[in-house]
Number of protein chains: 2
Amino acid sequence: MRVEEFLKQKGIEVGDYVRIIKVEDGEKVEYEGIVMPPYELSEGDTVVIKLDNGYNIGIAIEKIQEINVIEKAKAKPEVHFKAELEPRKELPTITILGTGGTIASRIDYETGAVYPAFTAEELAKAVPEIFEIANIKPKLLFNIFSEDMKPKHWIEIAHETAKALNSGNEGVVIAHGTDTMGYTAAALSFMLRNLTKPVVLVGAQRSSDRPSSDAAMNLICATRMAVSDAAEVMVVMHGETSDTYCLAHRGTKVRKMHTSRRDAFRSINDIPIAKIWSDGKIEFLRDDYRKRSEGEVWVDDKLEEKVALVKVYPGMSAELIDFLVDKGYKGIVIEGTGLGHTPSDLIPSIKRAVDEGVAVCMTSQCLYGRVNLNVYATGRKLLKAGVIPCEDMLPETAYVKLMWVLGHTNDLREAKKMMLTNYAGEITPYTKPNTFLI
Amino acid sequence: MRVEEFLKQKGIEVGDYVRIIKVEDGEKVEYEGIVMPPYELSEGDTVVIKLDNGYNIGIAIEKIQEINVIEKAKAKPEVHFKAELEPRKELPTITILGTGGTIASRIDYETGAVYPAFTAEELAKAVPEIFEIANIKPKLLFNIFSEDMKPKHWIEIAHETAKALNSGNEGVVIAHGTDTMGYTAAALSFMLRNLTKPVVLVGAQRSSDRPSSDAAMNLICATRMAVSDAAEVMVVMHGETSDTYCLAHRGTKVRKMHTSRRDAFRSINDIPIAKIWSDGKIEFLRDDYRKRSEGEVWVDDKLEEKVALVKVYPGMSAELIDFLVDKGYKGIVIEGTGLGHTPSDLIPSIKRAVDEGVAVCMTSQCLYGRVNLNVYATGRKLLKAGVIPCEDMLPETAYVKLMWVLGHTNDLREAKKMMLTNYAGEITPYTKPNTFLI
């Protein structure tokens, strides 16, 4: 029996506080907690409740002997924000673009209710603090999991962002799923030209129906960065597992480094732009960030989509490279080993790719550090084959950048020049200390 | 003119201390230093010398006005180790297998001389300390860059290791290039069954002709671990950039996380087995490692080579999955986003792969954390398509393991069962705190 039906039969709603008596192996166990939305954690036959200690537990329907409501779900708090939603002259105005993901879909973690998308009122209910920082103009662009984000979505986000920035907003916050947030941040970093105001991507690692959700604090910190003087594309997420501070990472240097921790996002080979403390203070960690200024932002959205990102490994067959060339790919970003190597027997296929006009770029699967094709013989052979060494660029950033570069030129020399030009902080000119595993 | 000829003409040998007068744009500059082996850093027309400050500089031959020997290379120290090379009864005996890489080829960093492979005498000259720890039996297996390591090499190393362990050696040290050392460590972890003695992979991040080489200390620490009571496959490398200690990492949980730092190797989602302090003390960081025992080690070397490791990314085309299935691949390890997702439009191709008998396994490109396909809709669809979620296994480890698993069975249910069986510490049953970015 599906859990929705089961709950309906019993007259139980999501958010109700219930007592469940479960029977297993002849033994009775009793649980009390709030009924969670069924479709996040269960496979359809499990009732999930949030226990008083904050943990969720799933109980198979067939093992439930008894389920009783102790307290009905609290009525959702009335929306008392009409006044605040009127623009307050003393506050800057920002736009929040919704694209989907955990943060946009489950913002109300008090009641456990799940929203497929947010409106201004829903935001207010969940995180009223942001209305003390700025006047908020929310706009839902789409509602997709970030693993389904495609170049066409990047382009749409870029245009909406520029439009907002060019029409009186002081900044833009983009609520986004975390899975591919780094890729989107990189894409916006290259596409938004003459960026004069902050663009902040924000997400949540823990869905809002979990007591440990990071959605609210991340959104508050993102809003603060959006009215700051940092005119960069940034990712704002928790800096530690506790709620001490968030970090604002440069969009081209950030990567999701953990599947589930709240502080999963990390700057790689670079230091973050700022700490946003939970008391609201912004502490800039560097002074070389791009400053807020005047001027129209424009979108350079030419992307070549026939680009692939390929991680190499021992035993890999060259046929995978050949296939991409045969299929008409215009660019290949290789995630090589160490300083930027591949098995030697891939080199003829790589050379053939370059000879046929495919831009082949080298990054490292180490992630930290910098490729250097001059040190070892394999690297020099790759250089000779025409591979473009991408300095300390992240593989994901190099992939997005190559799409953007090849949207502008088919000439390999020009493409190489562009790949090695620092457009948005994607290349650090020298390796900074204290950026490894931090 | 090639640099070898040039040096020969001038009567200069590698290791000579020289003074060079260079002329550029009419200006004379003078350098003094030790002549380095030409084939590491120059393209054939550059003389590389190590300056007194330890840095290397390359000077183009055509700009060299004058080059003079100030001091001839020190004669290589005589081998006075005959006595030591006679087995000392009070010491355990280990075998050191050479496979290539920086550590094996350039062990003599005092003179700058480069060895393509090492013998006992060469080791002794460079790192005599190891002969105080054990009687050393060196054996050169092959001499290749580790990016060229293939499954057949893993198999050869496994057999040589088992042979050594079963014939009186207390442990085996394997000198290996660092690029793919993690993959080889994983392969040996699965192939060496009933492991009763230590197997230690060791490499060097900095070539021995650099003053900052880590080769000597790594080799000393590796030798110490090889006579310890930890009967595991381990990687021993620097734990910090300074020479304070090395770390012994479990072979299935270790990854090269930096292109060039001496402390590049890190345990992911797990704590290392031990610290080896520079004073020789071994500090075990956990007590659940496999202990030295009696019994024959055997090699289970059945590997299915038609396995691919595929990192997914936004905009990726499903044709890459289709291609692998069409080409007869038997297994695909996906490096998914976040908790283990792919773009939704890959799922039909993934389902087709499974339906045609291909084992498709899910890992995360976050590297840290654990895949969980139960949380979000995309994950559940992947589960339903038959994807095997690989817990907290590294993508590289899952790739090697899947080759090994498919060497034993073609049955997908059996393959799933084996992938989720913990053979060599590749799965940690629960996520340990203090293992993120450490």
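Chain identifiers are assigned alphabetically (A, B, ...) following the order of the sequence lines, protein sequences preceding nucleic acid strands; residue numbering begins at 1 within each chain.
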Checking [X] against chain B: side chain, backbone, both or neither under 4.5 Å from a heavy atom?
X         : result
Glu396(A) : side chain
Leu324(A) : side chain
Asp392(A) : neither
Ala264(A) : backbone
Thr180(A) : side chain
Phe265(A) : neither

Working to the nearest 0.5 Å, report the span between [atom1] of [X] and [atom2] of [Y].
X         : Y         : atom1 : atom2 : result
Asp326(B) : Phe323(A) : CG    : CZ    : 8.0 Å
Arg266(B) : Cys366(A) : CZ    : SG    : 12.5 Å
Tyr376(A) : Phe145(B) : OH    : CZ    : 7.5 Å
Glu305(A) : Ser317(B) : CD    : OG    : 10.5 Å
His341(B) : Asp179(A) : NE2   : CG    : 5.5 Å
Thr431(B) : Arg261(A) : OG1   : CZ    : 10.0 Å

(request) Name all residues meeting the side-chain contact (heavy atoms from CB on, under 4.5 Å) criterion together with Val333(A); count only those two or more places apart in sequence or in a different chain, and write none if there are none. (result) Leu309(A), Cys361(A), Thr363(A), Ala398(A), Tyr399(A), Leu402(A)
(message) Between Lys311(A) and Gln365(B), is there a side-chain heavy-atom distance shorter than 4.5 Å?
(response)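 Side-chain contact under 4.5 Å: no.
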(request) Kindly assign one of parallel, tilted or perpendicular to the pair His258(B) and Phe436(A), based on the angle between their ring planes and the thresholds 30° and 60°. (result)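 His258(B) and Phe436(A): perpendicular rings.
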(request) Check each atom of Val310(B) against the heavy atoms of chain A and say whether the ones under 4.5 Å are side chain, backbone, both or neither. (result) neither
(message) What part of Met149(B) gets within 4.5 angstrom of chain A, counting heavy atoms only: side chain, backbone, both, or neither?
(response)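 Only the backbone of Met149(B) comes within 4.5 Å of chain A.
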(request) Using a strict 4.0 Å threshold on nitrogen-to-oxygen distance, state whether Lys381(B) and Glu147(A) make a salt bridge. (result)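 Glu147(A) and Lys381(B): not salt-bridged.
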